[in-house]
J.: 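Below is a structure I'd like to ask you about.
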Amino acid sequence: SQKIEQNSEALNIQEGKTATLTCNYTNYSPAYLQWYRQDPGRGPVFLLLIRENEKEKRKERLKVTFDTTLKQSLFHITASQPADSATYLCALDGGNQGGKLIFGQGTELSVKP
Amino acid sequence: GAVVSQHPSRVICKSGTSVKIECRSLDFQATTMFWYRQFPKQSLMLMATSNEGSKATYEQGVEKDKFLINHASLTLSTLTVTSAHPEDSSFYICSASGRAGTEAFFGQGTRLTVV
C-alpha cells in the first residue's frame, strides 16, 4: 500500500536559519506533490505544488525539490521566522482527480526567536 | 484564493445522537468535495469523495451507513455522523479543488466531541 513518511520528530530551529523538511514515499507514482501548512485547530493551507517533471520550485522564502527516483521531496524555508512555526504536510496527488490527496503525518516546526 | 467554509467549528454531542457538518464552497462551484478525518498528531485520512448529484465514494474501512454524505448542490456538501460514539470524536475537514494538479482549498475543520 502507499506510504508517506515525514520527519516524525518536531523540528526546532533558530530564527534566521533554514528549515528543511523531508517527505519520502513508497508504492506510489504521484503526478504532483503538494505542501501545506496547518496551524493548530485549523484546516491546511496550500503552499506549493511541484510536478513530477519538475526538479525544483520556489516561492518567496520557500523552496521545494522533487526527486522521483529517490521518491523524495524536500521543503525548505529560508530566513525562518517565529511566524513560520506550524505543522507542515506533504501530500501526493495522483493527477486523476482534482483534490484527492494522500497526506503524510506532518512535521511540526518550531522557530525560536 | 477560493474559500471553503465549514460549519460548525466545534460541536459536542451525546453518544447515540447524530451530528451534521456543512461544507460550502463560497466563490466557486465544486462538483467534487472531499471529507477527511484527523486524530491528534496524525495525518489527514481521506474518508470519502462527495460527488454532486450522485452517491459518495467511500474509502476502504469507512462505514457509509455511519458517515452519510449528501452533495445536493454545487456549493454544499454535508457529512452526518449517525449514532455517534466517543471513538468518533475527531477533527473533520472538508476540501474542494479544481482540476487535478491544482491546489485544494480546505474548510476550517470541525472538532467533534462525543460524550
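We name chains A, B, ... by the order of the sequence lines, and we start the count at 1 in each one.
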J.: Does B:Phe67 belong to the same Ile/Leu/Val/Met/Phe/Trp/Tyr cluster as B:Leu76, with side-chain heavy atoms less than 4.5 Å apart forming each link?
T.: no
J.: Determine whether more than 12 heavy atoms belonging to other residues, nucleotides or ligands lie under 6.0 Å from atom CD of A:Glu5.
T.: no
J.: For A:Ile102, is it the side chain, the backbone, both, or neither that has a heavy atom closer than 4.5 Å to a heavy atom of chain B?
T.: neither
J.: I need the A:Thr87 OG1 to B:Gln38 CD distance, nearest 0.5 Å.
T.: 8.5 Å
J.: What about A:Leu92 and B:Leu46, same hydrophobic cluster or not, with Ile/Leu/Val/Met/Phe/Trp/Tyr joined at side-chain heavy-atom distances under 4.5 Å?
T.: no
J.: Quick one: do B:Phe106 and A:Leu49 end up in the same hydrophobic cluster if we chain Ile, Leu, Val, Met, Phe, Trp and Tyr together by side-chain heavy atoms under 4.5 Å apart?
T.: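 As far as the 4.5 Å side-chain criterion goes, A:Leu49 and B:Phe106 are connected within one cluster.
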J.: If you count heavy-atom pairs under 4.5 Å between each of A:Gln34, A:Lys100, A:Arg42, A:Arg51 and chain B, which one has the most?
T.: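 Top count of heavy-atom pairs under 4.5 Å with chain B: A:Lys100.
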J.: Please classify the contact between A:Gln6 and chain B as side chain, backbone, both or neither, with a heavy-atom cut-off of under 4.5 Å.
T.: neither
J.: More than 12 heavy atoms of other residues, nucleotides or ligands under 6.0 Å from CD of A:Glu9: yes or no?
T.: no
J.: Please say whether more than 12 non-hydrogen atoms of neighbouring residues, nucleotides or ligands are located less than 6.0 Å from CD in A:Glu60.
T.: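 At most 12 heavy atoms, drawn from other residues, nucleotides or ligands, come within 6.0 Å of this atom.
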J.: Group every Ile, Leu, Val, Met, Phe, Trp and Tyr by side-chain heavy-atom contacts under 4.5 Å, then state whether A:Leu47 and A:Phe66 land in the same group.
T.: yes
J.: Answer yes or no: are there more than 12 heavy-atom neighbours, outside B:His85 itself, under 6.0 Å from its atom NE2?
T.: yes
J.: Given a strict heavy-atom distance threshold of 4.5 Å, which part of B:Thr49 is in contact with chain A: side chain, backbone, both, or neither?
T.: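 Side chain only.
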J.: For residues 105-113 of chain A, give me every residue with a non-hydrogen atom less than 4.5 Å from any non-hydrogen atom of chain B.
T.: A:Gln105, A:Glu108
J.: Any idea which heavy atoms bring B:Ser43 and A:Gly104 closest together, and the distance?
T.: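 Here B:Ser43 and A:Gly104 meet closest at OG-O, 2.8 Å.
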J.: For each of B:Gly101, B:Ser97, B:Ser95, tally heavy-atom pairs with chain A at distances under 4.5 Å, and name the one with the top tally.
T.: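 The option with the most such pairs is B:Gly101.
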J.: Counting only heavy atoms closer than 4.5 Å, note whether A:Phe103 contacts chain B via side chain, backbone, both or neither.
T.: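 Both parts, backbone and side chain.
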J.: For B:Ile12, look at atom CD1 and say whether over 12 heavy atoms of other residues, nucleotides or ligands are found less than 6.0 Å away.
T.: no
J.: Look at the side-chain heavy atoms of Ile, Leu, Val, Met, Phe, Trp and Tyr, link any pair under 4.5 Å apart, and say whether A:Tyr32 and B:Phe34 land in one connected group.
T.: yes
J.: Check the pair A:Leu101 / B:Tyr36 against side-chain contact (heavy atoms from CB on, under 4.5 Å), numbers first and verdict last.
T.: CA-CA 10 Å; A:Leu101 303 173; B:Tyr36 295 83; 3.7 Å; yes
J.: With a 4.5 angstrom heavy-atom cut-off, which part of B:Leu44 approaches chain A: side chain, backbone, both or neither?
T.: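 Its backbone and side chain both get close to chain A.
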J.: With a 4.5 angstrom heavy-atom cut-off, which part of B:Gln6 approaches chain A: side chain, backbone, both or neither?
T.: neither
J.: Measure distances from B:Gln60 to the heavy atoms of chain A and classify the residue's part below 4.5 Å as side chain, backbone, both or neither.
T.: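 B:Gln60 has no heavy atom closer than 4.5 Å to chain A.
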J.: Are more than 12 heavy atoms from other residues, nucleotides or ligands located less than 6.0 Å from atom NZ of B:Lys55?
T.: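 Result for NZ/B:Lys55: open.
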J.: With a sphere of 6.0 Å drawn around NZ of B:Lys20, does it hold more than 12 non-hydrogen atoms of other residues, nucleotides or ligands?
T.: no
